[in-house]
Amino acid sequence: MKRTLKDFLTEIEKGTAPSLILLHGDDYHVHETSRSLLGALVPEDQRAFNFERFDGRTASWDQIESSFRTPPLLPGTKTIFIENAPYFLSRERNGELAKKVQQLWSEEKKDEAARLFLDLMAQEGWTPNSSDRDRPRPSGPGAKPSARGNGKGKESPGEMDDILAYCLSRGMDPAKHRTAQDHRLLDLLEEGLPSWVVLLISAPHVDKRTRLYRRVEQEGSVLDLSLERERSGRIKKESLADFLDRQIRGSGKRIEPKARNLLMARAGDELWGVHQEIEKLLLYVGEQPWIRAADVEEVFSDQAEAWIFDLTTAVSQRDTLRAISNLARLLFQGEPALKILGTVASDVRRLLTARQFIDGELHGRWKGDMTFQEFQRTVLPKGAPVITQNAYADYMSFQRASIFTSRDLVRFLRMIYQTDIRLKSTGKQPRMLMEQLILEMCQS
């Protein structure tokens with residue numbers, strides 16, 4: 001049976017907690033769980049004497065091991081917390097991690113991309129002076145070239161240089177970053193932890209196949225805090241809804257149903273980002289007891305590209321003002337014009353595919369007023385999606401595609417292609433070019 005935080009807290013209260021605990025999975029859950037465990041393990045008045053914290057990415061193992069050899073100053077146990085430990089990585093997964101770096105960077109999650117990039121640098125033994133052929137490569141299903149790649153499935157040296165420059169600008173020194181092998185934790189476990197020590201470790205990424213991970217499972221307890229996800233990679237709706245409801249309830253606020261639906265639509269794939277947006281929303285509403293849809297629209301950044309539904313709906317209704325307003329909000333929130341354009345292009349291609357199904361092999365089977373359950377029964381073969389990775393996303397694509405003709409959507413793609421060229425070659429203001437595109441789509 002999978003152990004929970006409640007199990008650990010009960011054991012700590014009874015004095016039967018394990019002396020070795022590893023946390024890994026979702027960043028937000030790891031952060032909150034480690035805070036709860038530390039609160040139970042080390043009372044505030046003993047923090048200065050019976051507690052030491054180390055960043056596993058930068059602390060030398062000699063420093064950490066010295067702490068293990070030093071008994072607590074006060075009676076009781078001494079808690080050692082190693083956070084961001086890179087010890088559970090393996091080179092076999094470096095291609096996957098390189099792909100993750102590329103994805104985070106393209107999504108403008110630069111701090112996360114930079115930290116993982118430094119892990120890869122250390123793991124591969126790569127330095128700022130290493131040649132391009134020595135650098136980590138994306139691998140595995142779905143690996144793609146970067147935006148500035150050479151078209152052959154490899155990221156360009158320029159992108160790697162950009163990430164490295166970002167690391168240096170933030171004071172992230174590659175020379176101080178520890179490798180996954182730069183520790184003697186396995187030796188310490190073979191020898192046995194001192195009786196006075198409780199070791200808590202958090203790791204952003206783990207390979208469960210490593211010998212160290214399996215040894216920690218044998219010697220201590222592992223709490224896997226990974227999120228349940230759908231096939232598309234999105235957080236499961238039930239898990240996301242529970243998280244949002246607990247956050248709002250904990251604030252003492254109440255939320256309108258429409259506002260809650262907007263939160264669900266705009267939430268991204270990482271709870272830490274969702275938590276930060278909720279904190280921003282709560283500051284915005286201040287003393288107001290209710291969170292309303294207008295509040296969410298004003299300050300909750302769209303992390304899940306749900307804005308694309310609003311934008312294409314506004315275009316289909318020729319509602320130029322609403323379409324331009326959606327665009328202005330995204331640009332104000334710092335979304336790059338090329339990223340917005342790429343998302344619009346992907347959505348239009350998806351709608352064109354749905355429209356072709358409606359006009360072709362599904363002619364007569366699709367009806368615009370059918371429910372999702374009817375859609376699953378009569379349109380989807382064996383309930384499997386045909387456009388996206390999610391049956392409900394297919395249903396929404398068919399609904400929105402019904403509004404357009406194939407000719408409309410092909411014309412939109414030509415406009416998007418011309419805008420892409422202008423953004424990359426003319427030097428004109430991106431906002432002006434994007435607004436021109438939206439005007440043309442609404443008026444065509």
Side-chain angles (χ1 to χ4, degrees), residues 102-110 113 138 142 144-163 165-166 266 268 297 301-356 387-388 397 400-401 403-444:
Q102 197 176 54
Q103 177 190 338
L104 291 169
W105 188 255
S106 69
E107 293 172 354
E108 298 294 312
K109 297 175 181 175
K110 295 189 173 182
K144 299 177 182 178
S146 70
R148 292 194 291 168
N150 56 17
K152 297 179 182 179
K154 294 181 179 181
E155 72 281 5
S156 70
E159 184 174 73
M160 294 298 234
D161 291 340
D162 287 348
I163 302 174
Y166 182 84
R266 294 186 174 204
E297 289 176 344
S301 299
D302 195 335
Q303 304 167 326
E305 297 177 355
W307 57 267
I308 195 67
F309 303 134
D310 297 333
L311 183 58
T312 52
T313 299
V315 169
S316 70
Q317 295 171 349
R318 305 303 191 257
D319 189 339
T320 306
L321 183 62
R322 186 152 61 95
I324 292 292
S325 175
N326 280 326
L327 173 66
R329 186 179 70 245
L330 289 164
L331 292 170
F332 177 76
Q333 290 171 353
E335 294 288 351
L338 278 172
K339 181 182 175 184
I340 297 172
L341 185 68
T343 305
V344 173
S346 296
D347 188 63
V348 172
R349 284 193 291 268
R350 188 161 50 245
L351 295 182
L352 179 58
T353 302
R355 185 71 244 186
Q356 289 169 337
I387 300 174
T388 67
S397 295
R400 293 185 298 122
I403 302 169
F404 302 100
T405 66
S406 291
R407 183 175 296 180
D408 288 333
L409 296 166
V410 169
R411 187 165 58 250
F412 289 166
L413 286 175
R414 291 198 188 102
M415 294 175 186
I416 290 166
Y417 175 69
Q418 291 299 323
T419 302
D420 183 66
I421 293 174
R422 291 173 192 143
L423 281 169
K424 293 174 179 175
S425 62
T426 64
K428 291 184 178 179
Q429 285 292 324
R431 176 170 184 150
M432 182 186 72
L433 292 173
M434 290 298 297
E435 287 179 346
Q436 182 180 340
L437 169 65
I438 298 303
L439 286 170
E440 289 174 355
M441 291 173 72
C442 286
Q443 295 169 5
S444 64

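All of these numbers come straight from a predicted model, not from anything done at the bench.
Taking the side-chain hydrogen bond (donor to acceptor under 3.5 Å, both in side chains) definition, one finds that Gln429 meets it with nothing, sequence neighbours left out. Judged as a salt bridge (Lys or Arg N to Asp or Glu O under 4.0 Å), and not counting sequence neighbours, the contacts of Arg322 are Asp319. Annotation: side-chain contact (heavy atoms from CB on, under 4.5 Å) contacts of Thr405 (sequence neighbours excluded): Arg407, Asp408. By the side-chain contact (heavy atoms from CB on, under 4.5 Å) test, Ser346 pairs with Arg349, sequence neighbours left out. Shown here are the side-chain hydrogen bond (donor to acceptor under 3.5 Å, both in side chains) partners of Gln356, two or more places apart in sequence or in another chain: there are none.
Put simply, CZ on Arg400 and CG on Leu351 are 4.5 Å apart, with the number rounded to the nearest 0.5 Å. Separating the CG atom in Leu437 from the SG atom in Cys442 is a distance of 9.5 Å, to the nearest 0.5 Å. One distance of note links CG of Leu423 with CD1 of Ile416; it measures 11.5 Å at 0.5 Å rounding. A distance of 11.5 Å separates OG1 in Thr320 from CE in Met441, rounded to the nearest 0.5 Å. One distance of note links CE of Met434 with CD1 of Ile324; it measures 9.0 Å at 0.5 Å rounding.
Sorted by first and then second residue, the salt bridge (charged side-chain N to carboxylate O under 4.0 Å, His left out) pairs involving residues 412-423 (not counting sequence neighbours) are Asp420-Lys424. Note on residues 414-444: no pairs pass ring pair (Phe, Tyr, Trp, His ring centres under 6.0 Å), not counting sequence neighbours.
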When you look at Leu433 and Thr426, which way does the side chain to side chain contact (heavy atoms under 4.5 Å, CB included) test go after all the steps? CA-CA 10 Å; Leu433 292 173; Thr426 64; 4.0 Å; yes

Derivation and outcome, side chain to side chain contact (heavy atoms under 4.5 Å, CB included), residues Thr419 and Gln436: CA-CA 9 Å; Thr419 302; Gln436 182 180 340; over 6 Å; no

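Heavy-atom minimum distance, Ala354 versus Ala401: CB-CB, 3.7 Å. Contact record, Ile438 with Ala323: CG2-CB, 3.5 Å, taken as the closest heavy-atom pair. Arg350 approaches Ile387 most closely through the heavy-atom pair CG-CG2, 3.3 Å.
At least one donor-acceptor pair under 3.5 Å links the side chain of Arg355 to the backbone N or O of Phe404.
Atom CD1 of Ile421 is surrounded by more than 12 heavy atoms from other residues, nucleotides or ligands within 6.0 Å.
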